[in-house]
Amino acid sequence: MSGIISYKCPNCGGPLKFNPQKQRYTCEYCLSEFSQEEKIKEDKTQEEKKESAVQSETLLYTCPSCGAELVTDSTTAASFCYYCHNPVILSRRLSGEFHPDYVIPFSYDKKEATAIFRDWLKKKRYIPKAFYSEDQIEKITGVYFPYLLYSCTTQGSLEARAERIRVWQSGDRRYTETKTYEVNRSGTMPVKFVPRNALKKANRKLVEGVLPFETDKLEPFTMGYLSGFVAERRDMENQEFTDEVKSEIRNFAADTLRNSISSYDHVRVENQDIKLENETWEYALLPVWTLTYNDESKNRIYYFTINGQTGKVCGEIPVDKGKLMVLFAKVFVPVCLFMLLVGYFI
């Protein structure tokens, strides 16, 4: 089926996956390893073969390794075959206007992400056992989420009236001296890669809760980084975030100028001007480990995410009411019995 890439080892034909620890592509069968530079040539060859493919998209694909049919969401761009477990990249969904500019590779593999999850759980109490069962933890998945990145140059100026007040006592008299100053501040501030989640179905609170990423480590996008992970294609446009991001940056620039005025007792801003120039939006896939838990009793899904680059955690946890009742029985019931006994003897 057109638009599908499954990276194969040049030595044995086995599936290649990106290894976050080694930052290399590895074959689980012959144990061969390849650098990004060694892989680029193969990437280009496979992508060129797909250039002449039909442009239409469907939700049904055929695994190039075993022939099984794959059903995906319209935004899924990389996944696994459910039958042979080979990584599959749906390259058509990351072409044209949906081709990412950048990617940050995973720095933590699944074993490390699982360890982070377990350490996080140690600090939590009254969690249902099903939430941290082996079957549940095994579902933790590395996902490249789509983010739009805004950059600009901020030109700001500020005019303020500031006062210094001196108070002293002389005999029976109290004196106050007020000196007034006109203060001007101006400056240029480059802003790089302000991120916004660009996937509608994502839980925004948690996907943005793992921010920030170290954007100085952005890499030019190549398909190979997705091998062995799930990837989602953006389905939101930058116009949906422009007003919000601009307001955020203007407020930050104004606060920065205002906070640069120090050593005064009172400051009153009389005029300020913030201009945003050289505005650009770029598109990146950023690494997040995700785990979901469906609490059927409450008809609610809980989410847990780990920044796949920095290890920062953001999560929601269910509460086991049964464990809370046991705690209540251990703590409050003896107290109530004691009070009853005291009252009886009195």
Side-chain angles (χ1 to χ4, degrees), residues 3-5 18 20 36 39-40 43-44 46-48 50-51 53 55 57 72-79 87-107 141-153 190-249 276-290 305 307-310:
I4 295 182
I5 295 176
F18 182 75
Q36 171 65 11
K39 198 70 187 69
I40 285 176
D43 293 350
K44 289 182 178 179
Q46 291 207 42
E47 289 180 24
E48 288 171 358
K50 305 302 176 182
E51 272 308 307
Q55 295 294 323
E57 280 189 337
T72 70
D73 290 339
S74 60
T75 57
T76 301
S79 187
V88 174
I89 298 174
L90 310 179
S91 61
R92 277 275 154 223
R93 293 183 176 175
L94 294 176
S95 62
E97 65 178 307
F98 296 106
H99 187 277
D101 300 297
Y102 301 106
V103 62
I104 291 181
F106 275 88
S107 298
T141 305
V143 182
Y144 280 102
F145 277 99
Y147 290 80
L148 287 169
L149 308 177
Y150 176 81
S151 301
C152 71
T153 301
V191 176
K192 293 287 290 182
F193 303 136
V194 178
R196 284 296 182 271
N197 164 52
L199 183 65
K200 291 179 181 178
K201 69 182 181 182
N203 183 306
R204 179 173 176 177
K205 177 181 177 182
L206 294 180
V207 173
E208 295 188 357
V210 296
L211 297 175
F213 287 88
E214 297 173 2
T215 53
D216 59 324
K217 296 179 181 177
L218 284 167
E219 298 283 350
F221 176 77
T222 62
M223 294 286 184
Y225 285 120
L226 310 186
S227 187
F229 298 95
V230 174
E232 294 287 348
R233 185 187 74 178
R234 69 177 177 86
D235 58 0
M236 302 178 74
E237 301 296 331
N238 58 45
Q239 292 87 345
E240 300 180 56
F241 311 107
T242 299
D243 291 342
E244 172 189 313
V245 172
K246 285 185 175 183
S247 177
E248 180 180 308
I249 293 173
L276 306 182
E277 303 174 348
N278 305 318
E279 300 175 72
T280 61
W281 282 96
E282 294 172 284
Y283 174 29
L285 295 182
L286 306 182
V288 181
W289 285 100
T290 68
T305 53
N307 185 312
Q309 180 197 38
T310 68

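Quantities reported herein were computed from a predicted structural model and do not represent experimental measurements.
Only one option out of Val194, Asp101, Val245, Leu149 pairs with Trp281 in a side chain to side chain contact (heavy atoms under 4.5 Å, CB included); it is Val245. For the side chain to side chain contact (heavy atoms under 4.5 Å, CB included) test with Val143, the passing option among Val207, Thr290, Thr76 is Thr290; the others fail.
In terms of the side chain to side chain donor-acceptor pair (under 3.5 Å) criterion, residue partners of Glu279 (sequence neighbours excluded) are, by chain and number, Tyr150, Lys246. Judged as a side chain to side chain contact (heavy atoms under 4.5 Å, CB included), and not counting sequence neighbours, the contacts of Ser107 are Gln309. For Thr310, the side chain to side chain donor-acceptor pair (under 3.5 Å) test picks out Asn307, with sequence neighbours left out. Applying the side chain to side chain contact (heavy atoms under 4.5 Å, CB included) criterion to Ala78, with sequence neighbours excluded, gives Ile89, Leu226, Ala231. Listed by chain and residue number, Glu214 satisfy the salt bridge (Lys or Arg N to Asp or Glu O under 4.0 Å) test with Lys217 (two or more places apart in sequence, or in another chain). Here Pro105 pairs with Phe18, Gln23, Tyr144, Glu219, Tyr225 under the side chain to side chain contact (heavy atoms under 4.5 Å, CB included) rule; sequence neighbours left out. In terms of the salt bridge (Lys or Arg N to Asp or Glu O under 4.0 Å) criterion, residue partners of Glu237 (sequence neighbours excluded) are, by chain and number, Arg234. Residues satisfying the ring-ring contact (aromatic ring centres under 6.0 Å, His included) criterion with Phe241, sequence neighbours excluded, are absent altogether. Partners of Tyr283 according to the ring-ring contact (aromatic ring centres under 6.0 Å, His included) rule, which considers only residues two or more places apart in sequence or in another chain, do not exist here.
Here the side chain of Thr242 pairs a donor or acceptor atom with the backbone of Asn238 at under 3.5 angstrom.
Atoms CD1 and OG1, from Ile104 and Thr215 in turn, are 6.5 Å apart once rounded to the nearest 0.5 Å. Between Leu285 atom CG and Tyr102 atom OH the span is 13.5 Å, to the nearest 0.5 Å.
Arg196 and Glu248 are joined by a salt bridge, as a carboxylate oxygen and a charged side-chain nitrogen come within less than 4.0 angstrom of each other.
Side chains of Arg93 and Phe98 form no contact here, defined as non-hydrogen atoms less than 4.5 Å apart. Between Tyr147 and Val288 there is a side-chain heavy-atom pair separated by less than 4.5 Å.
Residues Thr75 and Lys201 come closest through the heavy atom pair OG1-NZ, 3.4 Å. Across every non-hydrogen atom of Pro20 and Phe106, the tightest pair is CB-O, 3.1 Å.
When only modelled atom types and interatomic distance are considered, Glu277 and Thr153 share no side-chain donor-acceptor pair under 3.5 Å.
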